Amino acid sequence: MIDIEKVRLDTPSCESVLHFNNAGSSLMPKPVFDALQSVLRDENEIGGYEAERRAQAQIQEFYTEFAGLLNANPDEIAFVENATRAWDMAFYGLHLKPGDRVITHGSEYASNYLALLQQSRRLGFEIDLVPSDEFGQIDVAALDNMIGPNTKLIAITHVPTQGGLVNPAAEIGKIARKHGVIYLLDACQSVGQIDVNVAEIGCDMLSGTGRKFLRGPRGTGFLYVSKDIMDRIDPPFIDLLSATWTGANSFEFVKGAKRFENWESYVAGRVGLMEAVKYARAIGLANIETRVANLAQDLRDALTEIKGVLVHDLGQRKCGIVTFTKDGIEPAAMADQLRAKSINVSVSAMPYARLDLEPRGLESMTRASVHYFNTEDEIARFVMAVKTV
């Protein structure tokens, strides 16, 4: 269902590198790169403000494309410079207070958990960890039972950075709605490889990045905030784009999610990210999801056949991220040796996911993350390289 030859032609670097680091930063397809370069060229030739004016139609298309991608409304979408800042704009705007409780999970990303710790210290709320079920994912039944009258927020990561686990986001959404609890979903690693529908998931807020599975530029991110909760969030900082100065001592937030944006932003990156969303939607997220999951499972199956290799992915449902270790070689050294063979991978280390990796006794793992433009031949080449390292 995906024209692999075409998408690889659109990704000419496939000829020179085996890229299994899509969970870090993917390879941009040519239409995305061209859109990015076009704006940068205009900035160089006619000036930044003039280039932005010329790109107005594409800038507005950013909101409609993301709305189509996530099944949201355009005025529920904000452009933010990265996924962490998008998550922060939502979380730090919540009115949490002493005695409140926030539920998260051991798979939570370091930046998110550090923010929880900081605000807990500042504001006095408590952090509760929902246990995992037998598959290592969030135990939905346990979540239902642990919500009390002081539970104000469920903040979880859809796809953790440190493995192939896909948390049951829609089932969590049902629990959140049942109890009337705000639901913040970090979709940094899921949007672009999984068909993410905010209406089906039932999250109130969702944050993500452009550079990973969406195949957009670095320095780009996005935030979805449901119109039903918009006015319950106080943006942690504002400027003349996000608010209107209505009098010497008064202001009003602008309508919609633009209240979470900054006036100054990466215009070329925004246009590039819009093109990346358009490119993914043309292929079809359901098609992408199926191919990525199949390629990743093929990779897991092949790696388990190698003597001394252990695959560490948790979850009943798994995605395009594959983590493993090999006896006798540190993951960082594995990544270096693979890179010397023009194979890109990453390393997931304890400081990024302490609540998950420390109990499992894992200091770090090699992380290989596939995408739809990767091939079965590349998996075979990768497995052979791991064998010989």
Side-chain angles (χ1 to χ4, degrees), residues 76 78 80 83-133 136-158 160 167-188 198 201-207 223-238 242-243 251-253 257 259-260 351-356 358-359:
E76 295 176 316
V80 190
T84 296
R85 191 57 69 240
W87 192 94
D88 289 344
M89 289 298 289
F91 170 68
Y92 280 86
L94 297 172
H95 299 278
L96 297 170
K97 60 185 186 300
D100 288 344
R101 309 195 76 89
V102 174
I103 296 178
T104 189
H105 183 243
S107 60
E108 195 63 18
Y109 183 54
S111 293
N112 300 349
Y113 202 78
L114 288 169
L116 289 171
L117 290 174
Q118 182 193 43
Q119 286 295 80
S120 175
R121 183 182 298 174
R122 284 175 172 173
L123 305 178
F125 64 78
E126 301 294 328
I127 303 170
D128 297 322
L129 290 179
V130 61
S132 301
D133 64 14
Q137 63 199 22
I138 291 173
D139 188 325
V140 177
L143 172 65
D144 191 13
N145 291 328
M146 70 189 296
I147 293 175
N150 292 326
T151 303
K152 304 302 181 184
L153 175 68
I154 299 169
I156 64 108
T157 293
H158 195 185
N167 271 315
E171 288 76 8
I172 294 166
K174 293 175 183 176
I175 300 299
R177 288 194 296 272
K178 172 184 173 182
H179 293 275
V181 177
I182 297 172
Y183 179 16
L184 170 57
L185 182 66
D186 180 339
C188 186
V198 294
I201 290 174
C203 55
D204 299 294
M205 303 165 287
L206 178 147
S207 60
L223 175 66
Y224 157 80
V225 179
S226 168
K227 61 181 182 298
D228 296 333
I229 198 175
M230 195 87 65
D231 292 332
R232 294 172 62 186
I233 305 172
D234 187 9
F237 51 83
I238 58 175
S242 52
F251 73 91
E252 293 178 355
F253 292 124
R259 67 184 65 183
F260 301 103
Y352 304 143
R354 181 171 295 275
L355 296 181
D356 178 22
E358 193 168 39

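All values derive from a computational prediction rather than experimental measurement.
Remark: side-chain polar atoms of Asp144 are not paired, donor with acceptor, to backbone N or O of Val140 under 3.5 angstrom. In this structure a side-chain-to-backbone donor-acceptor pair under 3.5 Å is missing from Thr104 to Leu129. For the pair Ser242 (side chain) and Phe260 (backbone), a donor-acceptor distance under 3.5 Å is absent. Counting only distance, with no hydrogens or angles, the side chain of Asn112 and the backbone of Ala115 share no donor-acceptor pair below 3.5 Å.
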I'd like to know whether Ile229 forms a side chain to side chain contact (heavy atoms under 4.5 Å, CB included) with Ser226, so could you lay out the CA-CA distance, the side-chain angles of the two residues, the decisive distance to 0.1 Å, and finally the verdict. CA-CA 6 Å; Ile229 198 175; Ser226 168; 4.3 Å; yes
Stepwise, does the side chain to side chain contact (heavy atoms under 4.5 Å, CB included) test hold for Ile127 with Leu117? CA-CA 8 Å; Ile127 303 170; Leu117 290 174; 4.0 Å; yes
Quick one: do Leu96 and Val102 satisfy side chain to side chain contact (heavy atoms under 4.5 Å, CB included)? Show the steps, please. CA-CA 9 Å; Leu96 297 170; Val102 174; 4.0 Å; yes
Give the C-alpha distance, both sets of side-chain angles, the deciding distance and a yes or no for side chain to side chain contact (heavy atoms under 4.5 Å, CB included) between Ile103 and Met146. CA-CA 9 Å; Ile103 296 178; Met146 70 189 296; 3.8 Å; yes
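In this model, no donor atom of one side chain and acceptor atom of the other lie less than 3.5 Å apart for Asp100 and Asn150. Side-chain atoms of Gln118 and Tyr92 include a donor-acceptor pair closer than 3.5 Å. Using a 3.5 Å distance cut-off with no hydrogens or angles, the side chains of His105 and Thr157 do not pair a donor with an acceptor.
Exactly one residue among Ile147, Leu143, Ile156 makes a side chain to side chain contact (heavy atoms under 4.5 Å, CB included) with Val130. That residue is Leu143.
Side chains of Ile154 and Ile172 form a contact here, defined as non-hydrogen atoms less than 4.5 Å apart. Residues Ser107 and Asn167 form a side-chain contact, since some pair of their non-hydrogen atoms from C-beta on lies under 4.5 Å apart. Side-chain contact between Asp356 and Glu108 is absent, with no heavy atoms from C-beta onward closer than 4.5 Å. Residues Tyr183 and Ile201 have side chains in contact (heavy-atom distance under 4.5 Å, counting atoms from C-beta outward).
Heavy atoms of other residues, nucleotides or ligands lying less than 6.0 angstrom from CZ of Arg232 number 12 at most.
Checked for salt-bridge contact, Asp231 and Arg259 meet the test: a charged N lies under 4.0 Å from a carboxylate O.
Classified by interplanar angle (parallel below 30°, tilted 30° to 60°, perpendicular above 60°), the ring pair Phe91/Phe125 is perpendicular.
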